[in-house]
> 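Following this message is one structure expressed as structure tokens.
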Amino acid sequence: MKNRKVRVRFAPSPTGPLHIGGVRTALFNYLFAKKNNGDFILRIEDTDQTRFVEGAEDYIVEALEWCGLKFDESVKNGGNYGPYKQSERKEIYRQFADKLLESGNAYIAFDSPEELDKLRKDYEAQKLIFTYNAEIRNSLTNSLVLTENEVKRRMDSGDPYVIRYKMPENTTIVMNDIIRGEVKVNSSTLDDKVLFKSDGMPTYHLANVVDDYLMEISHVIRGEEWLPSLPLHVCLYDSLGWKDAMPEFAHLPLLLKPTGNGKLSKRDGDKMGFPVFPLFWPHGETARGYREDGYFPDAFVNLLALLGWNPGTEQEIFTLEQLVELFSLERVNKSGARFDPEKAKWFNHQYMQLKSNEEIACLFKKELEKKAVEISLEKLITIVGLVKERIGFVSELWEQSWFFFNSPETYDQKIVEKKWKEETPGILQGVVNLLQEINNFERDNLEIEFKAYLEKNEIGFGQVMNAFRLCLTGGATGPDLFSIVSVIGKEETVNRINLALEKIK
């Protein structure tokens with residue numbers, strides 16, 4: 001077992017948009033596989049056809065591709081262990097259900113949903129919880145009670161039935177989890193789960209174990225919510241004679257609400273204004289996505305990697321390659337990981353600073369085209385470099401740089417009252433005259449000429465700079481003033497000063 005090739009799978013159900021907790025599970029599987037020169041597999045678990053949602057499978061594939069998580073085998077690119085969609089593997093499962101029936105580890109149950117519902121209500125009336133288990137199985141309608149002929153007659157006449165696993169009685173089931181260590185459960189606390197349904201489809205439990213065995217999965221890395229299923233899965237490996245081929249298990253901690261109290265949900269995101277899905281979900285009740293909200297995929301992946309795992313250092317920014325190199329399941333926490341939407345923004349800001357001005361300018365250019373703003377890429381690269389450190393998202397660039405493209409139409413009244421003095425118009429007229437004489441509009445030359453002029457005329461820097469900025473940007477914010485002048489040029493700078501002199505009285 002220890003020497004076999006590492007093969008892991010991410011096995012979501014196409015029942016809706018992929019939660020970021022699911023993306024993190026996929027990421028941890030990917031990191032573990034790549035760290036150990038193994039295979040990373042995508043398998044779609046669609047055994048529950050009643051919960052299937054149109055578009056969900058494509059969404060899962062697109063979301064993981066956006067994150068840069070490449071599969072070695074999947075529904076999209078195939079492999080030697082296919083098909084990779086459980087509904088296309090339907091014919092495989094029945095033989096294993098029959099094998100369990102033959103060995104006495106499973107039985108056929110004819111109890112109707114209505115009968116079981118009545119039993120549940122009867123138990124509830126007595127303040128008890130109904131469980132289909134060893135204690136009650138011999139008093140219900142199943143092949144443990146009925147004669148072989150009666151079972152055959154019912155099946156031949158088309159009576160609906162399910163196949164249930166016969167949980168061993170009063171047995172201690174010992175399991176090992178890479179993250180949690182040894183886990184023990186007594187079988188008397190467990191029910192006889194349905195393995196095969198009347199519609200001819202296996203349940204998650206049987207299909208999951210059979211597929212992991214046939215696909216030679218070496219490690220099952222999944223969310224904590226599957227921990228209660230582990231005893232059954234361990235029993236199934238044993239009952240099917242596959243104990244030596246059983247994968248190692250690792251159950252990841254939950255992603256918690258920003259308050260730390262309970263599992264992170266879409267409702268939390270809606271209430272607090274952040275997405276809980278990687279991409280926009282367009283079907284039915286739509287939902288925001290990190291991609292459409294302007295997050296970079298590498299920032300999103302970096303953020304998720306540190307939710308429940310730590311590298312053992314203070315470092316927080318990692319490339320995917322660095323994460324692969326450092327990742328180990330031993331450094332995954334047992335306790336839940338609190339999601340912090342502000343930290344998510346921080347990560348995007350960090351990645352914004354790491355990206356080249358050209359890459360950001362190309363993204364910004366698309367936004368400017370929507371506003372019918374025409375500008376050369378070269379000039380846009382310069383502008384991005386001047387304002388990039390102030391922003392975390394491409395969508396914030398316009399707010400920080402609009403004055404490079406448009407003259408201000410209004411002026412911040414507070415700045416006017418505070419900085420526009422009686423002598424200001426005369427000083428600014430002198431600046432206009434100076435600018436008209438300057439031919440070299442490189443940023444550094446502008447600063448030299450400007451300072452020399454102020455010194456010669458005994459004008460204080462503060463006397464002119466705030467009013468000068470007000471003329472160019474309409475307020476008191478923005479990057480280095482000489483850089484703004486250099487970008488917008490002589491004619492535009494002079495025009496803006498003259499406009500302000502006309503409008504501000």
Side-chain angles (χ1 to χ4, degrees), residues 1-12 22-45 60-61 64-65 67-86 88-89 92-93 95-96 99 175-183 204-223 226-227 229-230 233-252 301 305 308-309 311 318-332:
M1 167 66 202
K2 295 286 182 190
N3 296 324
R4 60 178 179 160
K5 182 180 168 87
V6 167
R7 286 176 57 79
V8 300
R9 84 311 191 264
F10 177 57
V23 182
R24 187 197 59 171
T25 299
L27 173 62
F28 283 17
N29 272 277
Y30 173 87
L31 297 176
F32 183 78
K34 297 304 143 192
K35 172 72 181 279
N36 294 285
N37 299 312
D39 295 330
F40 177 49
I41 298 145
L42 173 66
R43 184 174 76 221
I44 299 295
E45 301 204 332
I60 290 165
V61 172
L64 297 172
E65 283 179 350
C67 292
L69 305 183
K70 294 185 174 68
F71 290 96
D72 298 294
E73 301 164 30
S74 72
V75 284
K76 198 172 176 184
N77 55 321
N80 296 328
Y81 295 81
Y84 292 90
K85 190 187 294 190
Q86 286 184 338
E88 294 171 8
R89 298 170 65 83
I92 295 172
Y93 305 112
Q95 60 183 299
F96 297 104
K99 186 178 178 182
M175 302 153 284
N176 283 296
D177 185 282
I178 295 169
I179 296 166
R180 290 151 208 285
E182 189 176 81
V183 182
Y204 162 81
H205 301 291
L206 180 66
N208 178 278
V209 167
V210 167
D211 287 344
D212 284 347
Y213 173 74
L214 294 178
M215 292 183 178
E216 298 182 15
I217 299 302
S218 65
H219 295 76
V220 170
I221 304 165
R222 58 189 177 188
W226 294 112
L227 200 53
S229 302
L230 185 57
H233 297 176
V234 167
C235 286
L236 282 170
Y237 276 101
D238 197 14
S239 299
L240 287 162
W242 300 338
K243 199 168 185 179
D244 291 341
M246 185 167 68
E248 293 183 62
F249 294 94
H251 289 83
L252 306 174
V301 165
W309 171 82
F318 300 94
T319 64
L320 193 56
E321 292 72 28
Q322 288 172 324
L323 288 170
V324 167
E325 193 180 322
L326 290 166
F327 188 78
S328 77
L329 288 169
E330 285 70 25
R331 296 206 69 89
V332 175

> Between Ile178 and His219, is any pair of side-chain heavy atoms under 4.5 Å apart?
yes
> Pairing donors with acceptors under 3.5 angstrom, does anything connect the side chains of Glu45 and Tyr204?
no
> What are the two closest heavy atoms between Ala33 and Val6, and how far apart are they?
CA-CG1, 4.2 Å
> Apply side chain to side chain contact (heavy atoms under 4.5 Å, CB included) to the pair Val209 and Trp242, showing each step before the final yes or no.
CA-CA 10 Å; Val209 167; Trp242 300 338; 4.1 Å; yes
> Counting C-beta onward and ignoring hydrogens, is there a side-chain heavy-atom pair between Val8 and Phe40 closer than 4.5 Å?
yes
> Between the main-chain N or O of Ile41 and the side-chain N or O of Arg9, is there a donor-acceptor pair closer than 3.5 Å?
no
> Would you say Glu88 has more than 12 foreign heavy atoms packed within less than 6.0 Å of its CD?
yes
> Hey, does the side chain of Lys35 reach the backbone of Ser328 with a donor-acceptor pair shorter than 3.5 angstrom?
no
> Taking the side chain as every heavy atom from C-beta outward, state whether Leu214 and Tyr81 have any atom pair closer than 4.5 Å.
no
> Just one of Asp212, Asp72, Asp211, Asp39 clears the salt bridge (Lys or Arg N to Asp or Glu O under 4.0 Å) bar with Arg7, so which one?
Asp39
> Is Arg4 close to Pro247 at the side-chain level, that is, under 4.5 Å between some pair of heavy atoms?
yes
> To the nearest 0.5 Å, tell me how far Phe71 CZ sits from Tyr30 OH.
10.0 Å
> CZ of Arg89 to CE of Met215: how many Å apart, nearest 0.5 Å?
4.0 Å
> Heavy atoms, side chains only, cut-off 4.5 Å: are Trp309 and Arg24 in contact?
no
> Please find the pair of heavy atoms, one from Ala207 and one from Tyr93, that lie closest to each other, and give the distance.
CA-CE2, 3.6 Å
> Please step through side chain to side chain contact (heavy atoms under 4.5 Å, CB included) for the pair Leu27 and Cys67, ending with a clear verdict.
CA-CA 9 Å; Leu27 173 62; Cys67 292; over 6 Å; no
> Please round to the nearest 0.5 Å and tell me the distance separating atom NZ of Lys76 and atom CD of Glu65.
3.5 Å
> Using side chain to side chain contact (heavy atoms under 4.5 Å, CB included), reason through Asp177 and Leu227 one step at a time and then give a plain yes or no.
CA-CA 9 Å; Asp177 185 282; Leu227 200 53; 4.2 Å; yes
> Can you find a pair of side-chain heavy atoms, one from Phe249 and one from Leu230, that are under 4.5 Å apart?
yes
> Taking the six-membered ring for Trp and the full ring for Phe, Tyr or His, determine whether the centres of Phe28 and Phe327 are under 6.0 Å apart.
yes
> Working to the nearest 0.5 Å, report the span between OH of Tyr213 and CD of Glu216.
8.5 Å
> Taking all atoms of both residues into account, what is the closest heavy-atom pair of Val61 and Val75, and its distance?
CG2-CG2, 4.2 Å
> How about Thr319 and Val324: do any of their side-chain heavy atoms sit closer than 4.5 Å?
no
> Calculate, to the nearest 0.5 Å, the distance between atoms OG and CE belonging to Ser218 and Met246 respectively.
13.0 Å
> Out of curiosity, Leu329 CG to Ile221 CD1, how far, rounded to the nearest 0.5 Å?
4.5 Å
> Apply the test side chain to side chain contact (heavy atoms under 4.5 Å, CB included) to residues Asn208 and Arg43: give CA-CA distance (whole Å), side-chain angles for both, the deciding distance (0.1 Å), then the verdict.
CA-CA 10 Å; Asn208 178 278; Arg43 184 174 76 221; 3.9 Å; yes
